[in-house]
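None of these values were measured; they are calculated from a predicted model.
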Amino acid sequence: MIEKTVAELSAALASGEFSSVELTQAYLDHIERHNATLNAYITVCAESALAQARAADAARAAGANNPLLGIPIAHKDIFCTEGVLTTCGSKMLHNFVSPYNATVIEKFNAAGAVMLGKTNMDEFAMGSSNETSYYGPVRNPWDLERVPGGSSGGSAAAVAADLCAMATGTDTGGSIRQPAAFSGITGLKPSYGRVSRWGMIAFASSLDQAGTLSKSAEDSALMLNVMAGLDMKDSTSADKPVDDYAATLNDSLQGLRIGIPRQHFAEGLSPEVEKAVRAALGEYEKLGATLKEIDLPNNHLSVSAYYVVAPAEASANLSRFDGVRYGYRCADPVNLEDMYKRSRSEGFGDEVKRRIMIGTYALSAGFYDAYYRKAQRIRRLIKDDFSRAFQEVDVVIGPTSPHTAFKLGAKTDPVAMYLEDIYTIAVNLAGLPGISIPVGTAAGLPVGMQLVGPDFAEAKLLNIAHQFQCHTDWHRQKPGALGKEA
Ligand code: GLN
């Protein structure tokens, strides 16, 4: 039963085929068997999960029947969870038990979802391979020598290997879409502001957005129905009506205009990835869509602009981790300055320190105009590129990543790692929604395709992704690296 989609599980729970307690126990058993290999979870909450499952079964017996009632979920360890360890993948928070829940957590709890645990991630969500985690790398269930992508690598691996039915993630520059692509699952980054950031540990506040990692676009729609909406606790959350994302999944794609950005099919793209994406585009033509080449002329500036904006905001956000109120504190400080210095030196990993240094430099007097302001201007150019494109097309489609999952330890140069997000980062800079869906395999590894829509067009994106999944079965392919009993 654990391999089923959320939509299927929901129907099975409703018909009494099995209970949420049985389902939850099945996931816990599977986690017990495979988490030591995958390292997808930092914390497993077996007891509280079973208690939530019992409550869900009782609520169902009393007549409740909402879609996520009793469905087991894993949450990225960036979301604050009351009474549960919340590390953000960092030694800095290795002992931090949150006193409150993030809004996203509250919403899933209210919907009756069962929290199995907290998933591994790159430290403070900085990375593309899950290798910067203080808790060690996550392994890709398709090939244990490879990374699952990052920073939401634990969530992606957990969904792909059926260690949960669905998972949350966050995406600042690609951290949902790229791990979804590498792990052969569906990953949605909503428009900036669609989902509350309250209680989500901040990396780069103008880019961070919570989203979904799931086995199908339909499941993402069911999750977004729960997550989306205005939150008075987050002043950047959008005061826009929330659609019923599941209601329009079956709309026809007849007449859909797809834009193919030339810049996403240029040098650096692996031929196998290109082949799978072009085949998927052919599938859309069969469903009535038309393809049109478009330009995103400033895309080549996106990674550089991001690596000014994101570290600048990170350096400000991470100043709160100083060893005073919570988190890691160095041993035997001699004075306040020594405590700040050593707590931060010992508590943060190398990549986080690198970002703090870059960000502090970019924001310092004299450099602000040269770097931060200029990066913000590039951001506007990138947004304008997309706005121009959306006058001619309904959706922009290309590869999610230039290649499939790479080997653990293969990328030691930080800049090479930064280039991982060459197709995804511009979407965050522009605040747009994007989804990655599996569209094939290359040498046995999943290939992801990215669909980008106009602001708040999540319903349309999910409709387009779902229609592909109704006519193909790439999203049903399962990783084999855990062996037969997986
Ligand atoms: N890989 C990018 C980075 O390291 C994006 C990470 C993210 O989306 N959280 O910053």
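- Here the straight-line distance linking atom OG of Ser216 with atom CG of Leu222 works out to 7.5 Å at 0.5 Å rounding.
- For the atom pair CD1 (Ile425) and CD (Gln178), the distance works out to 10.5 Å, reported to the nearest 0.5 Å.
- Of the candidates Val114, Leu13, Asn66, Ile71 forms a side-chain contact (heavy atoms from CB on, under 4.5 Å) with just one, namely Leu13.
- The two atoms that bring Gly70 and Ser20 nearest to each other are O-OG, 2.9 Å, heavy atoms only.
- A donor-acceptor contact closer than 3.5 angstrom is absent between the side chains of Asp122 and Asn130.
- Rounded to the nearest 0.5 angstrom, Arg146 CZ and Thr404 OG1 are separated by 6.0 Å.
- A 6.0 Å sphere centred on CG of Asn335 holds more than 12 heavy atoms belonging to other residues, nucleotides or ligands.
- A salt bridge is absent between Lys411 and Glu131: the closest approach of a Lys/Arg side-chain nitrogen to an acidic carboxylate oxygen does not fall below 4.0 angstrom.
- Annotation: Phe96 is in aromatic contact with Tyr326 [ring centroid separation under 6.0 Å].
- Annotation: the span from Arg377 atom CZ to Ile382 atom CD1 amounts to 14.5 Å, rounded to 0.5 Å.
- Between Asn39 and Arg139, the side chains place no donor N or O within less than 3.5 Å of an acceptor N or O (distance only, hydrogens not considered).
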Does the pair Leu462 and Ser220 meet the rule for a side-chain contact (heavy atoms from CB on, under 4.5 Å), with working shown? CA-CA 8 Å; Leu462 288 162; Ser220 284; 3.7 Å; yes

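- A side-chain donor-acceptor contact under 3.5 Å links Thr236 and Arg197.
- In terms of heavy atoms, Thr168 sits closest to Leu213 at O-CD1, 3.8 Å.
- Ring centers of Tyr361 and Tyr371: under 6.0 Å apart, within the cut-off.
- Within a 6.0 Å sphere centred on NZ of Lys407, other residues, nucleotides and ligands contribute 12 heavy atoms or fewer.
- Other residues, nucleotides and ligands contribute at most 12 non-hydrogen atoms within 6.0 Å of the CZ atom of Arg380.
- Relative ring orientation between Phe321 and Phe348 is described as perpendicular, the plane-to-plane angle rising above 60° on a 0-90° scale split at 30° and 60°.
- Closest approach of Pro137 to Leu408, counting heavy atoms only: CB-CD2, 3.6 Å.
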Go through the steps for Ile435 and Thr186 under the test side-chain contact (heavy atoms from CB on, under 4.5 Å), then give the verdict. CA-CA 7 Å; Ile435 188 168; Thr186 299; 3.9 Å; yes

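- Salt-bridge annotation for Asp219 and Lys215: absent, with no side-chain N of the basic residue lying under 4.0 Å from a carboxylate O of the acidic one.
- Looking at Gln209 and Asp171, their side chains never bring a donor and an acceptor atom within 3.5 Å of each other.
- For Lys478, the NZ atom sits in a packed shell: over 12 heavy atoms of surrounding residues, nucleotides or ligands are nearer than 6.0 Å.
- Judged purely by distance below 3.5 Å, without hydrogens or angles, the side chains of Asp244 and Asn225 pair a donor atom with an acceptor atom.
- Rounding to the nearest 0.5 Å gives a distance of 8.5 Å between OH of Tyr307 and CG of Leu419.
- Here the closest heavy-atom approach between residue Ala228 and residue Val195 is recorded as CA-CG2, 4.2 Å.
- Annotation: Asp413, atom CG; neighbour count of heavy atoms from other residues, nucleotides and ligands within 6.0 Å is above 12.
- The ring of Phe79 has its center no closer than 6.0 angstrom to the ring center of Trp198.
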Using the rule given for side chain to side chain donor-acceptor pair (under 3.5 Å), can you reason through Arg355 versus Ser315, listing the C-alpha separation, both sets of side-chain angles and the distance that settles it, and then say yes or no? CA-CA 7 Å; Arg355 308 271 179 124; Ser315 71; over 6 Å; no

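- Between Phe182 and Phe406, the ring center distance clears the sub-6.0 Å criterion.
- Nearest heavy-atom pair across Asn95 and Tyr328 is OD1-N, 4.0 Å.
- With 3.5 Å as the limit, one finds a donor-acceptor pair spanning the side chains of Ser191 and Glu458.
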Does Gln450 form a side-chain contact (heavy atoms from CB on, under 4.5 Å) with Thr424? I'd like the steps, not just the answer. CA-CA 8 Å; Gln450 173 176 245; Thr424 51; 3.6 Å; yes

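- Side-chain atoms of Arg342 come within 3.5 Å of backbone atoms of Asp332 as a donor-acceptor pair (strictly under, hydrogens ignored).
- Side chains of Ser98 and Glu82: a donor-acceptor N/O pair is absent below 3.5 angstrom, by distance only.
- Using bins of under 30°, 30° to 60° and over 60° for the plane-to-plane angle, the ring pair His34/His30 lands in the perpendicular bin.
- Heavy-atom minimum distance, Ile201 versus Cys80: CG1-SG, 4.3 Å.
- Checked by atom type, the side-chain pair Ser206/Glu313 shows a donor-acceptor distance below 3.5 Å.
- Note on Asp77 versus Lys118: salt bridge recorded, some NZ/NE/NH1/NH2 to OD/OE distance being below 4.0 Å.
- Partner of Asn120 under the side-chain contact (heavy atoms from CB on, under 4.5 Å) criterion, chosen from Tyr135, Tyr41, Tyr134: Tyr135.
- Using modelled atom types and a 3.5 Å distance limit, the side chains of Lys76 and Thr170 yield a donor-acceptor pair.
- Within 6.0 Å of the CD atom in Glu346, the count of heavy atoms belonging to other residues, nucleotides or ligands exceeds 12.
- Expressed to the nearest 0.5 Å, how far CD1 of Ile78 lies from OG of Ser151 amounts to 6.5 Å.
- Between Phe108 and His75, the distance separating the two ring centers is shorter than 6.0 angstrom.
- Using a distance-only test at 3.5 Å, with no hydrogens or angles considered, no donor-acceptor pair links the side chain of Thr212 to the main chain of Met223.
- Taking the charged nitrogens against the carboxylate oxygens, Asp455 and Lys383 do have a contact shorter than 4.0 Å, which makes a salt bridge.
- We find that Lys4 and Asp162 are not joined by a salt bridge, their nearest charged nitrogen and carboxylate oxygen being 4.0 Å or further apart.
- Checking each of Pro148, Pro179, Ser155, Ser183 against Val138 for a side-chain contact (heavy atoms from CB on, under 4.5 Å) leaves exactly one that passes, namely Pro148.
- Side-chain polar atoms of Asp234 and Thr103 form no donor-acceptor pair below 3.5 angstrom.
- At a threshold of 4.0 Å, the pair Lys374-Asp369 does not count as salt-bridged, since none of the basic side-chain nitrogens sits closer than that to a carboxylate oxygen.
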